[in-house]
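Written out below as structure tokens is the structure these notes cover.
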Amino acid sequence: MSTSSLLLGLAAMTMTACGDNNGKKSDTDASPVEKTSDTESTSTVLNIRYIDSDSLLANYNLAKDLQEATMRAVSRIDNARQSKGSEIQKFASSIEQKARSNGYLSEASYNADMQKLQKMQQDAENYLANLSRNADNELAQQQIQLNDSIESFIKSYNKTHGFDAILYKNAGVYFNPALDITSDVIKGLNARYNKVGESK
């Protein structure tokens with residue numbers, strides 16, 4: 001498992017749209033988009049906002065903490081790989097040196113060391129594979145935690161704003177910058193996350 005795949009696992013965000021239209025319209029909301037036709041006397045009003053997911057991930061404290069946890073997991077695996085590799089290489093070198101100096105009194109003793117070397121290699125592979133699986137499972141749970149935290153906050157946030165939809169910026173080609181609520185969302189998320197941390 002590579003560093004990039006672990007980071008991508010944490011950084012990946014699903015496209016989300018939240019609607020909770022209770023007819024609440026703030027006086028400070030940006031002008032809604034109206035669609036009218038010559039044959040209809042009614043108009044369709046959409047009250048939409050967007051969030052920049054890159055900025056959200058870079059500034060939401062939970063996302064930053066999970067990213068640090070990812071880096072620690074990657075570091076643990078790299079350190080274990082280097083440690084196991086060094087241990088195996090050291091034993092392999094001792095076998096080679098012993099063989100060159102006629103240190104083995106019998107073929108059986110040489111074969112025993114070779115079998116031990118193969119077992120060390122297999123054990124190391126199993127150990128590293130287990131570490132990687134555990135890291136993958138942990139990162140998957142962290143991704144769920146992050147997504148659930150953001151989605152839960154957005155739903156709560158929208159109850160007081162009544163937007164028809166809140167989208168991620170990469171869901172469209174262009175959004176009017178006046179529709180950007182990223183800063184408000186980050187402030188709300190961090191305020192809630194800090195309160196949870198203080199309550200523990």
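The analysis underlying the following values was restricted to heavy atoms, covering all of them including side chains, and did not include hydrogens, waters or symmetry mates.
Of the N and O atoms on the side chains of Q143 and N147, at least one donor lies less than 3.5 Å from an acceptor on the other residue. At a cut-off of 3.5 Å, with distance as the only test, a side-chain donor of S149 or Y60 sits close to an acceptor on the other residue. If you check the side chains of Q141 and N137, you find no donor sitting under 3.5 Å from an acceptor.
Between the side chain of S93 and the backbone N or O of Q89 there is at least one donor-acceptor pair closer than 3.5 Å. Listed for the S83 side chain is no donor-acceptor partner under 3.5 Å among the backbone atoms of N79. A donor-acceptor pair under 3.5 Å is formed between the side chain of S94 and the backbone N or O of F91. In this structure, N47 contributes its side chain and D164 its backbone to no donor-acceptor pair below 3.5 Å.
Atoms CD1 and CG, from I77 and L128 in turn, are 8.0 Å apart once rounded to the nearest 0.5 Å. For the atom pair OH of Y157 and CZ of R192, the computed distance is 13.5 Å after rounding to the nearest 0.5 Å. From D52, atom CG reaches atom CZ of F175 across 11.0 Å, with rounding to the nearest 0.5 Å. One finds the CG atom of N126 at 12.0 Å from the CD atom of Q121 (value rounded to the nearest 0.5 Å). Rounding to the nearest 0.5 Å gives a distance of 6.5 Å between CG of L189 and CD1 of I154. Annotation: the span from T182 atom OG1 to D54 atom CG amounts to 10.0 Å, rounded to 0.5 Å.
Contact of the Y50 side chain with the I166 side chain is not registered, since no non-hydrogen atoms from C-beta on lie closer than 4.5 Å. Proximity of T70 to Q142: side-chain heavy atoms (C-beta onward) are separated by under 4.5 Å at one or more points. In this structure the side chain of Q118 never reaches within 4.5 angstrom of the side chain of Q122, judged on heavy atoms.
Within a 6.0 Å radius of NZ in K116, no more than 12 heavy atoms belonging to other residues, nucleotides or ligands are found. For Y110, the OH atom counts as loosely surrounded, since its 6.0 Å shell holds 12 or fewer non-hydrogen atoms of other residues, nucleotides or ligands.
Under the 4.5 Å side-chain contact rule for hydrophobic residues, L62 and Y168 share a cluster. L131 is not connected to I88 by any chain of hydrophobic side-chain contacts under 4.5 Å among Ile, Leu, Val, Met, Phe, Trp and Tyr, and they are in different clusters.
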Derivation and outcome, side-chain contact (heavy atoms from CB on, under 4.5 Å), residues I95 and K98: CA-CA 5 Å; I95 293 175; K98 191 174 180 180; 5.8 Å; no
Pair N111-Q115, side-chain hydrogen bond (donor to acceptor under 3.5 Å, both in side chains): steps then yes or no: CA-CA 6 Å; N111 290 337; Q115 289 176 359; over 6 Å; no
Full working for side-chain contact (heavy atoms from CB on, under 4.5 Å) between E87 and K84: CA-CA 5 Å; E87 181 182 354; K84 293 293 182 181; 4.2 Å; yes
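Here the closest heavy-atom approach between residue N59 and residue N190 is recorded as O-ND2, 3.1 Å. When every heavy atom of A80 is checked against every heavy atom of Y127, the shortest pair comes out as CB-CE2, 3.9 Å. Residues D113 and Y104 share a closest heavy-atom pair of OD2-OH, 2.7 Å. Residues S53 and N170 approach most closely at OG-ND2, 4.3 Å, considering heavy atoms.
Classification of R133 and D136 as a salt-bridged pair fails, no side-chain N sitting under 4.0 Å from a carboxylate O. Ion pair E96/R100 flagged as a salt bridge, since at least one NZ, NE, NH1 or NH2 atom sits closer than 4.0 Å to an Asp/Glu carboxylate oxygen.
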